[in-house]
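Structure, as structure tokens:
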Amino acid sequence: MTARIVNFNPGPAALPLQVLEQVRDEFLNFRGSGMSIAEISHRSALFEQVLNDAIERVVRLLKLPGDFKVLFLQGGASTQFVMIPMNLIPEGSSADYINTGTWATKAIKEVEILGKPHKVIASSKDRDFRYIPKDFQVTPGAAYLHFTSNNTIKGTQWATFPKAGDVPLVSDMSSDILSRPFDPKPFGLIYAGAQKNLGPAGVTIVIIREDMLAREPANLPTMFRYTTHAEKNSLYNTPPCIAIYMVQLVLKWVEETIGGLEAMEKINREKAGLLYGYMDSTDFYKGTADVDSRSMMNVTFRLPTEDLEKKFVAEAQKEKLGGLKGHRSVGGCRASLYNSISKEAVESLIAFMKDFAAKNG
Ligand SMILES: *Cc1c(COP(=O)(O)O)cnc(C)c1O
């Protein structure tokens, strides 16, 4: 067996080793059932325990008030780009969007396709999405304000969330959910594909406030209604059982091994601080995001030439440091420092970067 590498992939991404080991250990005989989790009924008590435990852990970790529902849906964050405007923009109303990069652009494209009223109230496109906009006016009475909390590809992140008064916030938190605590009360809906910080691909978490469920228009197909999934505890149709089970184990790891979101944030701040701190001390590596907009999750950087970037990624791979290539649309390099990446992993990356700079600078 090849030894595991340090995996800086942007998503699907590294998972805690203890989670993978537990999955392996109980894969053939799930908790005394004599069957694999892949073989049991989604309506069995065994699976419902897994599902409900996952929901309760999300509620505890995010300190969700009682009027929030936690759903596990399919179709990825990309399907939420369309379900949100379908369900949450009532007749005569319009939604606000902030454009901070590739994923926000895709969310805006879907509301355009639906032909639903919306307004892009701010964008950082003028400087290739290197920053988080600061000056914008939320439209009074807007259906919601949609923003992407962490921009996986451009390496920017909202340090504090936009203030929208009575307008509910709707956020794509795919790449930074559970990385830090925040106040959920201003949010009408939070969503995240699991494959960055939560688990494997195949399930999307949707956290929705009950008053948002009441907005649903009359003519939506069953699977595209949030109420369908809320009323059936995400069991209207067969859910992705294995993905939910792995998310449950990751949630348990964050809660019990790490000690919750305050502890998680402290570790994430330390990791990002080490890497940015090192980069800023050199002329060889240059961060691409504005300093006040930098992401703790996805550190994007350039080397002096594209040839050196190729060499950097290839040599890192030889040293068992994988996944450092930037997104194909932007080039450069990117280290994704999701929850499962340890401080030691970041230190090993920095040691390699020092060595590479000394040899090639
Ligand atoms: C990865 C990612 C997506 C896409 O998620 P899918 O589950 O593949 O649809 C959307 N938004 C953000 C912020 C992401 O990082």
Side-chain angles (χ1 to χ4, degrees), residues 7-15 71-86 97-111 113 120 123-125 129-133 144-159 161-162 169-180 182 187 189-207 223-224 229 234 239-240 242-244 246-247 250 268 272 288-289 293-300 323 325-330 334-341:
N7 175 0
F8 294 101
N9 272 330
L15 289 167
L71 310 177
F72 289 100
L73 307 185
Q74 298 184 66
S78 300
T79 299
Q80 293 310 305
F81 296 163
V82 67
M83 265 180 93
I84 288 162
M86 268 179 153
Y97 280 75
I98 298 178
N99 191 358
T100 50
T102 313
W103 297 113
T105 303
K106 289 191 175 179
I108 294 164
K109 178 180 156 209
E110 297 302 313
V111 68
I113 291 173
V120 179
S123 167
S124 47
K125 197 173 175 190
F129 299 113
R130 287 169 195 277
Y131 68 102
I132 297 292
Y144 56 78
L145 169 62
H146 181 284
F147 71 101
T148 313
S149 57
N150 181 70
N151 300 284
T152 326
I153 294 173
K154 304 290 180 178
T156 65
Q157 185 176 30
W158 289 81
F161 295 144
L169 299 177
V170 169
S171 187
D172 177 356
M173 295 197 184
S174 292
S175 50
D176 69 349
I177 193 160
L178 297 187
S179 67
R180 54 182 173 173
F182 63 91
F187 287 84
L189 189 148
I190 293 160
Y191 64 105
Q195 67 272 23
K196 278 90 182 211
N197 250 342
L198 288 175
V203 69
T204 307
I205 194 164
V206 173
I207 298 161
M223 278 298 283
F224 288 90
H229 304 287
S234 302
I242 293 184
I244 293 172
M246 288 182 70
V247 168
V250 172
N268 285 331
T288 60
S293 302
R294 282 173 168 177
S295 169
M296 286 197 287
M297 296 279 100
N298 308 98
V299 177
T300 48
K325 195 167 180 295
H327 191 270
R328 61 188 183 283
S329 66
V330 296
R334 170 175 55 176
S336 295
L337 311 183
Y338 299 128
N339 287 352
S340 310
I341 298 292

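Since the model is a prediction, treat every value here as computed from it, not as a measurement. Order of appearance sets the numbers: ligands from 1, and atoms from 1 within every ligand.
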Could you check ligand 1 for N or O atoms lying under 3.5 Å from protein N or O atoms and list the pairs with distances?
from: ligand 1; atom 1: 7 (O); to: Ala77; atom 2: N; distance (Å): 3.1
from: ligand 1; atom 1: 7 (O); to: Gln195; atom 2: NE2; distance (Å): 3.0
from: ligand 1; atom 1: 8 (O); to: Gln195; atom 2: NE2; distance (Å): 3.3
from: ligand 1; atom 1: 9 (O); to: Ala77; atom 2: N; distance (Å): 3.2
from: ligand 1; atom 1: 9 (O); to: Ser78; atom 2: N; distance (Å): 2.9
from: ligand 1; atom 1: 9 (O); to: Ser78; atom 2: OG; distance (Å): 2.6
from: ligand 1; atom 1: 11 (N); to: Asp172; atom 2: OD2; distance (Å): 2.6
from: ligand 1; atom 1: 15 (O); to: Thr152; atom 2: OG1; distance (Å): 2.5
from: ligand 1; atom 1: 15 (O); to: Lys196; atom 2: NZ; distance (Å): 2.7

Does the pair Phe187 and Phe161 meet the rule for a ring-ring contact (aromatic ring centres under 6.0 Å, His included), with working shown?
CA-CA 10 Å; Phe187 287 84; Phe161 295 144; 5.5 Å; yes
Go through the structure and list residues passing side-chain hydrogen bond (donor to acceptor under 3.5 Å, both in side chains) with Thr105, not counting sequence neighbours.
Asn99
Considering residues at least two apart in sequence or located in another chain, which fulfil the side-chain hydrogen bond (donor to acceptor under 3.5 Å, both in side chains) criterion with Asp172?
Ser174
The criterion is ring pair (Phe, Tyr, Trp, His ring centres under 6.0 Å); which residues satisfy it with Phe81, sequence neighbours excluded?
none
Can you name the nearest heavy-atom pair linking Gln157 to Arg294, along with the distance?
CB-O, 4.0 Å
Distance-only side-chain donor-acceptor flag, Asn339 / Asn268, under 3.5 Å:
yes
